[in-house]
2 protein chains.
Amino acid sequence: MSTKTAYTIQQVAEITGLSGHTLRYYERIGLLSSVVRAANGHRRYTDDTIREIEFLNKLRATGMPIREMQHYAELRRQGQSTLAERQAMLKSHHAVVTEQLRLLQEYLKVIEYKIVLYQKLQEEQQHESTPVGS
Amino acid sequence: MSTKTAYTIQQVAEITGLSGHTLRYYERIGLLSSVVRAANGHRRYTDDTIREIEFLNKLRATGMPIREMQHYAELRRQGQSTLAERQAMLKSHHAVVTEQLRLLQEYLKVIEYKIVLYQKLQEEQQHESTPVGS
DNA sequence: CTACAACTTTGAGCGCACTCTAAGTCAAGG
DNA sequence: CCTTGACTTAGAGTGCGCTCAAAGTTGTAG
């Protein structure tokens, strides 16, 4: 009943959506802690590592720079004494993303407005016989 | 009554948040149509151009690649016959951004969850054996 | 006249986040 | 034994979006 499921790099690539190249890259820049090796030197990923990668993916997708993720990973490695600092990082990132979200929504409205405007212009065009400059 | 207000590149930089370098760059890759020159060859921007730049900024901020913006600008230059295509581009981009927004909100929730988790872990830590103080 | 600041151009350089190449190892199958 | 294919490493290359450098012109102030 032990969760000894060990994934190959190929499998993890499929599961996480990262390429094998990127998985190795993430490991060597210190984003991934402790990837175990098989007898032949090949990487063997655990469920834990996969969950770790999936969280990293969410940080990336929300725009956290690699640099910051490296810092986060470093704190993680230092153990529970860094819980507060990690939490602070997440809070700060949360605020940034929230603001980003607000802006996106605002800009989306402008784009919507423009779509409607283009609609009107096209309708005008069809009701007119002679083209008019914009 | 004519709005003859002509801005220097420096002024436009301040207004739009883009650097002078970037304004020239945008012009040479064809994002900006028709920037008029003063007698000495210096650029003079109109209110119209500023509005154009501000809209481009919104497209950029919502993640539209420069390539796509170039296409959009090219269509603009071709006149009102491209209204439908430009509208289609904006609609497509709108859909992409909306999806992006959805994902961001989802990931934000995961981050929130983690912040709460870290809170709990810290509280546990304080209620346990080891004396505080570092 | 000189100095300086603000612009101009062309083209090179940079930071980020991958992405790929080359050369090598190893285990399994024919 | 030989080939195949999945892996390994270190390091080079790529694409994007700027960003800067160098050299030259122009207009104004002292």
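Below, chains carry the letters A, B, ... as their sequence lines are ordered, and counting in each starts from 1. Side-chain atoms are counted along with the backbone in the values below, which use heavy atoms only and exclude waters and symmetry mates. Given the structure is predicted, the values throughout are model-derived calculations rather than measurements.
- In summary, contact between chain A and DNA chain D, defined as any nucleotide atom under 4.0 Å from a heavy atom of the protein, begins and ends at D/dC7 to D/dG11 in the 5' to 3' direction.
- Sorted by residue number, the members of residues 54-68 of chain B with any non-hydrogen atom under 4.0 Å from DNA chain D read B/R60, B/P65, B/I66.
- Summarising the geometry, atom CD belonging to A/E14 is positioned 12.5 Å from atom OG belonging to A/S19; distances are rounded to the nearest 0.5 Å.
- Residues passing the side chain to side chain donor-acceptor pair (under 3.5 Å) test with B/E54: none are found, sequence neighbours excluded.
- Pairs engaging residues 26-35 of chain A under the salt bridge (Lys or Arg N to Asp or Glu O under 4.0 Å) rule: A/E27-A/R37, A/E27-A/R43 [sequence neighbours left out].
- When every heavy atom of A/P65 is checked against every heavy atom of A/R60, the shortest pair comes out as CA-NH1, 4.3 Å.
- A salt bridge (Lys or Arg N to Asp or Glu O under 4.0 Å) check over residues 66-82 of chain A, counting only residues at least two apart or in different chains, returns the pairs A/E74-A/R77.
- Smallest separation of non-hydrogen atoms from A/A6 and A/Q11: O-OE1, 4.2 Å.
- Under the 4.5 Å side-chain heavy-atom criterion for Ile, Leu, Val, Met, Phe, Trp and Tyr, A/M89 and B/L121 are members of the same hydrophobic cluster.
- The hydrophobic cluster around B/V96 extends to none of the other residues, as no ILVMFWY side-chain heavy atom falls under 4.5 Å of it.
- With 3.5 Å as the limit, one finds a donor-acceptor pair spanning the side chains of B/T5 and B/D47.
- Of the two residues contacting DNA chain C, namely B/Q10 and A/H42, the nearest-nucleotide position lying further toward the 5' end is that of B/Q10.
- Residues from residues 24-39 of chain B that place a heavy atom under 4.0 Å from any atom of DNA chain C, listed by number: B/R24, B/R28, B/R37.
- Residues of residues 11-23 of chain B having a heavy atom closer than 4.0 Å to DNA chain C: none are found.
- Between A/Y118 and B/Y72, the ring planes lie parallel to each other; the angle is under 30°, not in the 30° to 60° tilted range.
- Heavy-atom contacts of chain B under 4.0 Å fall on DNA chain C between two terminal nucleotides, which in 5' to 3' order are C/dC7 to C/dG11.
- For the pair B/Q70 (side chain) and B/I29 (backbone), a donor-acceptor distance under 3.5 Å is present.
- Note: the hydrophobic cluster containing A/Y113 does not contain A/I111 (ILVMFWY, side chain heavy atoms under 4.5 Å, direct or indirect links).
- Two different hydrophobic clusters hold A/V97 and A/L56 under the rule that ILVMFWY side chains link at heavy-atom gaps under 4.5 Å.
- The list of salt bridge (Lys or Arg N to Asp or Glu O under 4.0 Å) pairs with a residue in residues 106-123 of chain A, not counting sequence neighbours, reads A/R102-A/E106.
- A heavy-atom distance below 4.0 Å to DNA chain D is reached by none of the residues of residues 92-103 of chain B.
- Residues B/L18 and B/T22 approach most closely at CD2-CG2, 4.1 Å, considering heavy atoms.
- Note that CG of B/L117 and CD of B/Q122 are 10.0 Å apart. Values are rounded to the nearest 0.5 Å.
- Residues passing the side chain to side chain donor-acceptor pair (under 3.5 Å) test with A/Y107, sequence neighbours excluded: none.
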